[in-house]
Amino acid sequence: MKIATWNINGIKARIETLLTWLQQAAPDVVCLQEIKSLDENFPGERIEQLGYNVSLNGQKGFNGVAILSKHPLEDVRKGLPGDPSDTQARYLEATVSNGGGAIRVASIYLPNGNPVESEKYGYKLDWMDRLNQHARDLLKLEEPLVLAGDYNVIPSDLDVHDPAGWAEDALFRPETRAKFHAFANLGLTDALRACHQDANQYTFWDYQAGAWQKNNGIRIDHLMLSPQGADRLRACEIDRFTRAWESPSDHVPVWIEIAA
DNA sequence: ATGCCGGGCGAAGCCCGA
């Protein structure tokens with residue numbers, strides 16, 4: 001089973017690109033971030049025509065996450081627990097059943113947090129604490145689990161073209177990385193790093209300053225697996241070719257192959 | 001280069017992203 005994550009930066013602007021990639025890559029499950037759409041305005045019918053079920057946690061104008069699946073989506077959870085006052089659409093979780101077994105899948109759009117001096121950084125850190133707590137609860141189930149999405153976290157120096165230049169950024173500063181490592185240390189496997197250890201495994205290139213042409217990228221889109229999920233991991237790849245397509249998202253898809 | 005692009009909203013210019 002092929003499970004992907006992709007921050008598409010607006011479904012309205014990316015629907016044709018998404019449909020092209022879905023037909024070409026043929027993933028079984030896709031976690032989307034930044035759909036920037038209300039549920040009722042999401043072009044679900046065109047995606048359903050390709051054989052996908054669609055589950056949404058949308059929001060007007062920005063944020064918004066989705067899960068697409070060729071298999072039924074069950075027990076859908078909208079929103080990350082722990083703060084009823086949080087109205088931003090950044091989390092969606094569902095169980096994918098493919099006959100043989102079930103996998104719990106989450107689509108995550110973790111807050112950016114810049115500028116660090118603003119309340120946005122505190123919101124990011126609080127959100128990471130809530131994600132950590134929820135992951136603890138999910139891991140207690142001891143089942144295959146894939147927490148996939150745009151984490152807005154650069155895990156290590158290997159994952160950024162210019163570590164020194166990013167040192168104080170909300171995506172890379174020590175406090176951010178410490179929380180991400182605490183999360184991973186609950187027992188979650190970074191699928192890309194389980195399969196590839198070399199540098200330059202980027203998933204995002206800014207639209208500005210020729211970042212793509214210069215390969216000034218960062219790795220911030222991750223698939224994090226429970227032990228039961230990691231046991232079944234067979235491959236993890238980054239579809240960086242989509243960044244060269246016309247009118248691309250600034251993120252590219254990342255996917256894993258899991259033994260059925 | 002804490003906004004150079006690009007998207008959304010909504011119909012000009014501002015908010016947002018990383």
Side-chain angles (χ1 to χ4, degrees), chain A residues 5-19 21 31-43 56-66 86-91 107-128 131 148-177 179-180 192 200-222 238 240 242-254:
Chain A
T5 181
W6 193 7
N7 179 324
I8 54 170
N9 190 19
I11 187 62
K12 189 186 296 181
R14 219 69 63 207
I15 180 62
E16 301 302 334
T17 304
L18 175 64
L19 292 170
W21 178 78
C31 298
L32 299 176
Q33 299 86 38
E34 282 205 271
I35 62 173
K36 297 185 177 181
S37 168
L38 289 167
D39 291 6
E40 55 265 39
N41 295 333
F42 189 87
L56 300 164
N57 183 11
Q59 183 175 346
K60 186 182 177 80
F62 60 110
N63 299 329
V65 291
D86 183 5
T87 56
Q88 299 192 35
R90 297 179 173 275
Y91 191 89
S107 182
I108 293 170
Y109 180 41
L110 203 149
N112 176 297
N114 280 306
V116 170
E117 307 75 27
S118 73
E119 70 286 350
K120 291 182 179 181
Y121 192 57
Y123 174 65
K124 176 179 192 151
L125 295 179
D126 290 345
W127 210 93
M128 293 182 82
L131 181 62
D150 175 1
Y151 279 77
N152 272 314
V153 174
I154 300 166
S156 84
D157 284 359
L158 286 180
D159 302 310
V160 52
H161 63 95
D162 175 19
W166 285 77
E168 286 309 313
D169 192 277
L171 280 64
F172 194 52
R173 66 199 313 265
E175 197 173 1
T176 302
R177 278 188 278 169
K179 285 205 185 291
F180 183 76
L192 193 281
N200 297 324
Q201 303 286 319
Y202 303 141
T203 66
F204 169 92
W205 296 261
D206 201 293
Y207 288 120
Q208 302 176 82
W212 167 245
Q213 289 75 12
K214 299 177 197 167
N215 196 27
N216 287 345
I218 53 178
R219 187 174 76 93
I220 55 175
D221 300 273
H222 311 300
I238 300 169
R240 61 180 286 144
T242 64
R243 189 61 179 78
W245 285 1
E246 193 174 340
S247 186
S249 170
D250 39 8
H251 297 251
V252 298
V254 186

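Only a predicted model underlies this, so the values are computations on that prediction, with no experimental measurement involved. Every chain is numbered from 1, with letters handed out A, B, ... down the list of sequences. Side chains are part of it too, since the values below use all heavy atoms of this structure and drop only hydrogens, waters and symmetry mates.
- Among the heavy atoms of the strands lying under 4.0 Å from A/Asp150 are primed sugar atoms or P, OP1, OP2 only; no base atom is included.
- No side-chain N or O of A/Ser249 forms a donor-acceptor pair with one of A/Asn9 less than 3.5 Å apart.
- Residues passing the ring-ring contact (aromatic ring centres under 6.0 Å, His included) test with A/Phe42: none are found, sequence neighbours excluded.
- When the C1' atom of B/dG17 is taken as reference, atom CZ of A/Phe204 falls 8 Å away, rounded to whole Å.
- Side chain to side chain, A/Asp169 and A/Asn114 meet the donor-acceptor criterion of an N or O pair below 3.5 Å.
- Between the CD atom of A/Gln59 and the P atom of B/dC9 there is a distance of 11 Å, rounded to whole Å.
- Along DNA chain B, the nucleotide nearest to A/Gly210 and the one nearest to A/Pro111 differ in position, and the one closer to the 5' end is contacted by A/Gly210.
- A donor atom on one side chain and an acceptor atom on the other are not found under 3.5 Å apart for A/Asn63 and A/Tyr91.
- Comparing the same atom, P, in B/dC15 and in B/dC4 gives a spacing of 14 Å after rounding to whole Å.
- Distance noted for atom P between B/dG6 and B/dA11: 24 Å (whole Å).
- Counting any heavy atom pair closer than 4.0 Å across all strands shown, A/Lys120 reaches sugar-phosphate atoms only and no base atom.
- Rounded to whole Å, the distance from CD1 on A/Ile35 to P on B/dG17 is 16 Å.
- Only the C1' atoms considered, B/dG10 is 16 Å distant from B/dC16, to the nearest whole Å.
- Spacing between atom CG of A/Asn63 and atom P of B/dC15 amounts to 17 Å, rounded to whole angstrom units.
- Going from atom CG of A/Asp169 over to atom C1' of B/dA1 covers 14 Å, rounded to whole Å.
- Counting any heavy atom pair closer than 4.0 Å across all strands shown, A/Asn7 reaches sugar-phosphate atoms only and no base atom.
- The nearest whole Å value for the distance from the CG atom in A/Asn216 to the P atom in B/dA1 is 14 Å.
- Residues passing the ring-ring contact (aromatic ring centres under 6.0 Å, His included) test with A/Tyr151, sequence neighbours excluded: A/Phe180, A/Phe183, A/His222.
- Across all strands, A/Phe172 comes closer than 4.0 Å to no nucleic acid atom at all (heavy-atom distances).
- Taking the six-membered ring wherever Trp is involved, the centroid distance between the rings of A/Trp21 and A/Trp6 falls below 6.0 Å.
- Within the nucleic acid shown, A/Asn152 comes within 4.0 Å of sugar-phosphate atoms alone, with no base atom in reach, counting heavy atoms only.
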Show me the protein contacts with nucleotides 5-7 of chain B, counting only N or O atoms at under 3.5 Å.
| from | atom 1 | to | atom 2 | distance (Å) |
| --- | --- | --- | --- | --- |
| B/dG7 | OP1 | A/Arg14 | NH1 | 3.3 |

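- If you measure from atom CH2 of A/Trp166 to atom P of B/dT2, you get 11 Å, rounded to the nearest angstrom.
- Atom CG in A/Leu38 sits roughly 12 Å away from atom C1' in B/dC9 (whole-Å rounding).
- If you take atom P in B/dG17 and the same atom in B/dG3, they sit 14 Å apart, rounded to whole Å.
- The line from CZ of A/Arg14 to CD1 of A/Ile8 is 7.5 Å long, rounded to the nearest 0.5 Å.
- In this structure, the side chains of A/Phe172 and A/Asn152 stay at 4.5 Å or more apart for every pair of heavy atoms.
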